[in-house]
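Lettering follows sequence order; numbering is per chain, from 1.
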Amino acid sequence: METMNHESAGSVENDPLYFEVFESLIGDEALDNGARAVIDGALRGDAAFAQACAEDGAALSRRAPHDRKEPAAAPRIFIQEIVVEGFRGAGPKATLKLPPGPGLTLVTGRNGTGKSTFVDALETILASDDWAAGGQDRKKSWRNLYQTAVTEVSCVLMAEGVGTYRAARRWNATCELGEGKVTFEANNASTENAPNWEAACKIARPFLGHRELGKVGEKSAEAYDALRGVLGMDLLEDAASRLNSKSSEIKDAGSDAINQLKDCRNTLAGSPSVRIQILKTLLDEKKPALESVVNELRALQGERRDAPSQLVAFARQEVPTEEEWDGTTLELEVAISRAEAVSSVNATASVALLDLLDLALPRLSAEPSHCPVCAQPLSAQHHEEISSRANALRQSTQDHSAAQSGLNHALARVERLVSQLPNVKPELLAELGIDSGLSAEVQTLKAGLKAAPALVLATLTSQRPLLGQVVRARQLARDELNQQDFELRALIAPVELWVERQGTVERANTLRKSLDKAKTWLKEETQRTLNRRFAPLREATLENWRTLARDSSVLLTGVELASSGTRRKVELDVEVDGLAAPGVSVLSQGEINCMALSLFLPRAVHSGGPFSFVLIDDPVQAMDHFKVDGLARVLHRAAEKLQVVVFTHDTRLVSSLQRLQLPTHVLEVRRHVNSRLEITPLSTPVERYLKDADSVALAKGMGDELPYRVVPNFCRLAVEAACQEKIYRVRLARGESFESLEERLKSLSLFDRVALALLDDEKRGSEVAGHLKTNGALRERDALFQMKAGSHGGTNATNTNLRDLIHWTRKLCQRILDQ
Amino acid sequence: MTPEELLRGAAHLLEKGAIASPEPTSIQRAAAVLARQALEETIAERLRPHGLDPSEASFSAQFLCLQGTMANKALAREAAALWASLSSLTHHSGQELSPTDKDLTALIERTRRVLAELG
């Protein structure tokens with residue numbers, strides 16, 4: 001089952017689920033093209049979805065990608081070793097070596113010996129945040145009490161076809177839990193590119209502990225999430241999320257638009273403006289015509305028809321500036337002054353005289369000695385005097401003309417200046433709060449321009465304050481106009497917002513229909529996919545339950561992942577004695593544990609993630625003997641594909657696995673002084689007794705007598721264990737029950753037990769010695785007698801060679817087991 | 001060896017550094033064996049005057065007899081329980097895990113008290 005992280009649209013194209021859904025999408029003829037387009041966009045990511053929405057659900061033009069690529073299977077990763085130092089229950093460095101590859105390993109040990117420390121260490125490396133979140137006490141008690149200088153956890157993982165990964169987390173004495181330095185090596189070379197194991201753990205934690213086992217029943221939603229994660233439904237869930245989000249966005253916009261329209265109607269209701277009331281009438285319609293409203297708004301914004309024309313004219317009126325006023329006044333003053341300077345000149349007479357002189361002077365030049373009028377003789381001096389006078393007259397005439405021209409120009413400028421003063425009606429001035437006399441004063445000023453220039457100058461000078469009053473009046477007019485404009489804008493602004501929102505809503509109408517269809521289709525497709533992908537997990541769960549609860553009255557007939565809105569749960573169809581039961585509430589704690597294991601072990605097998613191992617902490621709790629046997633079978637089956645490591649203090653599981661002859665690697669964790677952990681492989685009971693006997697025989701410091709009191713006892717126990725193993729193997733295969741055999745063996749003496757194992761009849765204990773002799777096993781027979789005598793100290797057997805006793809005991813055990 | 005000697009031997013095996021062996025767990029089991037033998041021999045001594053042959057009778061039979069012949073029934077039950085505990089530590093029966101030094105030291109001390117009371 002593939003699980004992929006779709007952070008970019010590109011990665012979606014490589015997801016087999018995308019191909020599956022795409023083919024359904026284009027194959028469903030009932031679905032319209034608009035819905036197809038938005039579903040495809042939603043599947044391919046945010047950008048593609050935004051584009052599909054922008055095109056208003058336009059038809060899907062994409063075709064199915066031709067080069068469908070099956071994702072390369074991730075290399076299977078197994079644990080080779082876990083090393084802990086100064087962490088949790090481990091003081092000095094301790095290493096748990098595991099056979100990498102599929103198979104079952106049991107790590108046994110009494111409570112508090114540090115078994116779970118190895119589980120915690122691996123979880124800290126693979127998913128530190130997840131581990132820290134597993135309990136408040138973890139943040140306080142992650143360091144070992146005895147060794148605090150250095151804390152380090154590391155693991156060696158073997159990836160098929162890749163090599164080995166070594167990952168470590170190391171803390172110095174002052175570090176907090178979250179500050180551990182992480183190092184990572186691939187094939188003994190350090191690298192920065194560590195695999196994203198944290199993400200893989202989020203999809204399917206390779207740990208089954210109390211957190212998971214407690215999720216069945218009351219925490220069914222968590223169980224749902226934990227199982228659904230491995231089904232790789234992210235693609236569809238993300239797409240559904242995009243569709244829902246966009247759909248909500250449009251729906252919210254529609255609701256907002258309705259509320260905005262109500263607000264607009266209320267806002268406009270109080271306005272006396274005719275134009276505003278026209279706008280309100282448009283908005284009061286059941287479905288206001290957006291185009292009409294827009295047109296009316298444009299008209300309001302452009303013309304402001306409701307403003308009084310006089311006010312607008314006055315506000316727009318150009319008024320002379322003070323500089324212009326003063327400049328004009330000065331020019332008039334200068335012009336008057338110049339005019340006055342030449343006022344003594346009789347311009348008309350001077351011009352007439354000059355004309356005469358100008359006529360006479362050429363004649364005088366032709367006949368200089370006589371006057372052309374009276375013919376009197378003229379002197380040369382006289383001639384010069386006339387010329388000089390003519391020149392003086394010419395100059396005077398020109399000066400007079402220039403002064404008059406300047407005065408006229410100044411007066412014309414005054415007229416222009418004054419004409420710029422507006423003719424404002426007294427009523428308008430009164431509305432603006434200004435003395436209406438200003439209007440009359442302006443008229444008087446204008447009328448006064450017909451007076452003599454000096455009077456005009458005097459009026460201009462005296463009436464200069466009038467200019468200030470006019471300017472102030474115009475400013476008031478402008479303020480009034482702005483106020484009216486502001487009020488208008490305040491009224492129409494909400495309408496403009498509504499127009500924008502309503503426009504969005506109306507434009508999204510087609511898209512909304514497509515989205516609704518898309519949501520329905522995708523929901524159904526998601527459920528179909530979920531059922532298809534959950535099918536192998538469902539079958540495995542049912543099979544696990546059948547195995548685990550073989551003799552239970554509880555029948556598990558179905559498992560479904562059910563969700564409705566935000567409610568999620570794992571539905572378990574349970575029957576008790578043939579009657580349907582209301583969920584898991586009828587189950588005992590042991591049965592609930594079985595149910596949880598039935599559910600979660602398949603998750604580990606089907607996760608599709610990189611981890612091909614699962615660490616199970618204390619699964620046996622509250623199970624009876626029958627269930628433990630079932631558990632042994634279920635674990636063994638899971639171990640055909642996975643590396644299954646079980647940590648337990650309850651060695652009924654060890655017994656069960658040995659009894660059922662299911663191959664298992666057993667390790668025992670022992671805790672010594674200062675949290676020193678010792679991990680030793682646990683062999684069969686026969687081998688262990690013989691090893692005990694060997695150890696005692698070889699130990700130095702035991703003295704002479706003590707070994708003789710102890711070794712025969714261990715030899716006897718080894719033989720009894722060999723008998724038990726043989727009896728169970730043979731008789732369980734015949735269909736006898738474990739309980740009856742256990743009870744039967746309890747009361748048997750050593751020889752009777754050997755008789756049952758060797759001769760298949762416990763009543764033939766007296767024949768055992770003869771049987772061994774007949775079969776050439778005299779030394780084994782002697783060893784049997786020696787261990788019987790010595791095991792409980794009844795005989796001083798110091799004359800026995802302990803090494804020989806152990807040797808022949810081993811031979812006897814082999815004979816019992818092999819015969 | 002007397003029961004007292006056996007018990008001293010058991011305690012000796014648990015003394016730190018007394019025994020050189022690469023398999024400390026086997027030595028622990030040996031201590032349990034010796035303590036159990038000390039208890040068995042003491043009980044045998046108590047039952048012989050009543051005509052019981054300890055070499056023939058099973059231990060469950062011996063403890064039933066002990067309860068039948070002793071006025072202090074609680075002590076008889078304690079002796080039986082102690083024997084069962086020591087036995088379980090000597091066995092590799094799958095259900096039992098390796099004993100710890102603390103377990104054994106406590107059991108040997110209990111054995112010493114029971115032996116003293118059995119007299």
Are side-chain heavy atoms of A:V696 and B:R29 found at a separation under 4.5 Å? no
Of all heavy-atom pairs linking A:F714 and B:T90, the shortest is CE2-O, 4.3 Å
Separation between CG (A:N713) and CD (B:Q37), nearest 0.5 Å, reads 6.0 Å
Distance col, row A:L706:CG vs B:L6:CG, nearest 0.5 angstrom, shows 7.5 Å
Heavy-atom nearest pair, A:M702 first then B:I27, reads SD-CD1, 4.5 Å
Between A:G701 and B:H12 the two heavy atoms that sit nearest each other are O-NE2, 2.9 Å
Heavy atoms of B:V33 and A:R709 approach each other most closely as CG1-O, 4.0 Å
Honestly, the part of B:I19 sitting under 4.5 Å from a heavy atom of chain A is both
So OG1 of B:T25 and CZ of A:R688: to nearest 0.5 Å the spacing works out to 10.0 Å
